[in-house]
Every structure is written in C-alpha cells, then in structure tokens.
Amino acid sequence: MKNSYLMHIDEQTMLGIPLEDISFLSSFKANLLEDVLREIYVIEVTLSNPDACSVAALIKIGAQTGEFTGYSVAFRWETAIAKAFESIRYHVHLIANPPVQENTN
C-alpha cells in the first residue's frame, strides 16, 4: 500500500493530539480509498489552525491513478481529516462517473 507517509503539523495544532491517532485515522481513511485509487504510494497530511477554534486538514495522495487533494476545516481534527478524505472520494467519483449532459444541438 503506502510507500511514504508525510505529516506536517503546526505546533499549536499538535497540542493534545497524539501523532499515533493522526496516523491511524489517516491510514484507515486511505485504506477505504484504495478500492477507487488502486495502489496508494504517498499520503501527506497537513494540519494547521486557521483560527483559535478550528483545525484545517489538507490531504494529498499520490496513487497509481493520479494525484488527489482534499481540504477541510472543522472544530475537531478528526472531523477535518475525515472530511478531507471524503472530499477526495467525492472528486474521484466525479472523475470516474461524470454527470450526463443532454445534447441541445
């Protein structure tokens, strides 16, 4: 599965968040994406605080099928990471199944 796992965490964001928990949640969510992305080579997780009461998560994935990015801001770091991974799933689904448009010509 993953050959590289990178984490970039603002030190203010990291207060009270065990790195093992971030790694576990990110790996779990990445495993759920492997059915649509095939093999994942790189996962990059960036956490920061855009303001005093929220956490921003930027997830970058390098996979056999391409490179994908998801972003989310939430009050809890778990929610931000989960929503960023779901953003990637949503966009991969759109690419694989584009909406049908009626030809009006």
Side-chain angles (χ1 to χ4, degrees):
M1 181 176 144
K2 294 161 273 308
N3 293 334
S4 295
Y5 188 87
L6 308 167
M7 279 198 279
H8 308 281
I9 304 170
D10 186 11
E11 69 179 37
Q12 292 174 337
T13 305
M14 197 173 100
L15 295 176
I17 305 173
L19 296 178
E20 297 84 18
D21 291 351
I22 296 168
S23 298
F24 176 78
L25 179 60
S26 299
S27 293
F28 176 75
K29 288 297 191 175
N31 286 337
L32 295 176
L33 287 175
E34 278 200 320
D35 61 331
V36 292
L37 295 181
R38 297 195 187 113
E39 188 171 356
I40 295 174
Y41 302 122
V42 177
I43 298 174
E44 185 174 347
V45 177
T46 303
L47 294 177
S48 62
N49 286 105
D51 58 46
C53 57
S54 62
V55 176
L58 175 66
I59 306 295
K60 297 179 184 178
I61 293 181
Q64 183 177 356
T65 55
E67 295 181 5
F68 304 91
T69 303
Y71 179 79
S72 179
V73 177
F75 291 114
R76 297 180 47 86
W77 67 268
E78 300 97 327
T79 306
I81 288 175
K83 285 184 176 184
F85 273 100
E86 287 305 313
S87 171
I88 292 171
R89 177 179 287 285
Y90 175 77
H91 287 99
V92 168
H93 178 73
L94 280 181
I95 292 168
N97 304 303
V100 177
Q101 294 182 352
E102 183 179 340
N103 187 355
T104 58
N105 288 335

Working to the nearest 0.5 Å, report the span between OG of Ser26 and CG of Asp21.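 Interatomic distance, Ser26 OG to Asp21 CG, rounded to 0.5 Å: 10.5 Å.
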Side chain to side chain contact (heavy atoms under 4.5 Å, CB included) involving Lys29 - partner list, sequence neighbours excluded: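 Testing Lys29 for side chain to side chain contact (heavy atoms under 4.5 Å, CB included), a comparison that skips the adjacent residues, returns Leu25, Leu32, Ala82, Phe85, Glu86.
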Report yes or no: do Leu19 and Trp77 belong to one cluster of Ile/Leu/Val/Met/Phe/Trp/Tyr joined by side chain heavy-atom distances under 4.5 Å?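 As far as the 4.5 Å side-chain criterion goes, Trp77 and Leu19 are connected within one cluster.
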What are the two closest non-hydrogen atoms of Ala74 and Ala80, and how far apart are they?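 That closest heavy-atom pairing would be CB-N, 3.7 Å.
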Minimum heavy-atom distance between Ala84 and Ser72, given as atom pair plus value: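 In this case the closest contact between Ala84 and Ser72 is N-CB, 3.7 Å.
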State which residues pass salt bridge (charged side-chain N to carboxylate O under 4.0 Å, His left out) with Glu44; sequence neighbours excluded, sorted by chain then number.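 Salt bridge (charged side-chain N to carboxylate O under 4.0 Å, His left out) list for Glu44, sorted by chain: empty.
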Tell me which donor-acceptor pairs under 3.5 Å the side chains of residues 53-71 have, and how far apart each pair is, sequence neighbours excluded?
from, atom 1, to, atom 2, distance (Å)
Ser54, OG, Asp51, OD1, 2.8
Ser54, OG, Asp51, OD2, 3.3
Thr65, OG1, Leu37, O, 3.4

Connected-component partners of Phe75 among ILVMFWY, side-chain separation under 4.5 Å: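 Traced through the cluster, Phe75 reaches no other member.
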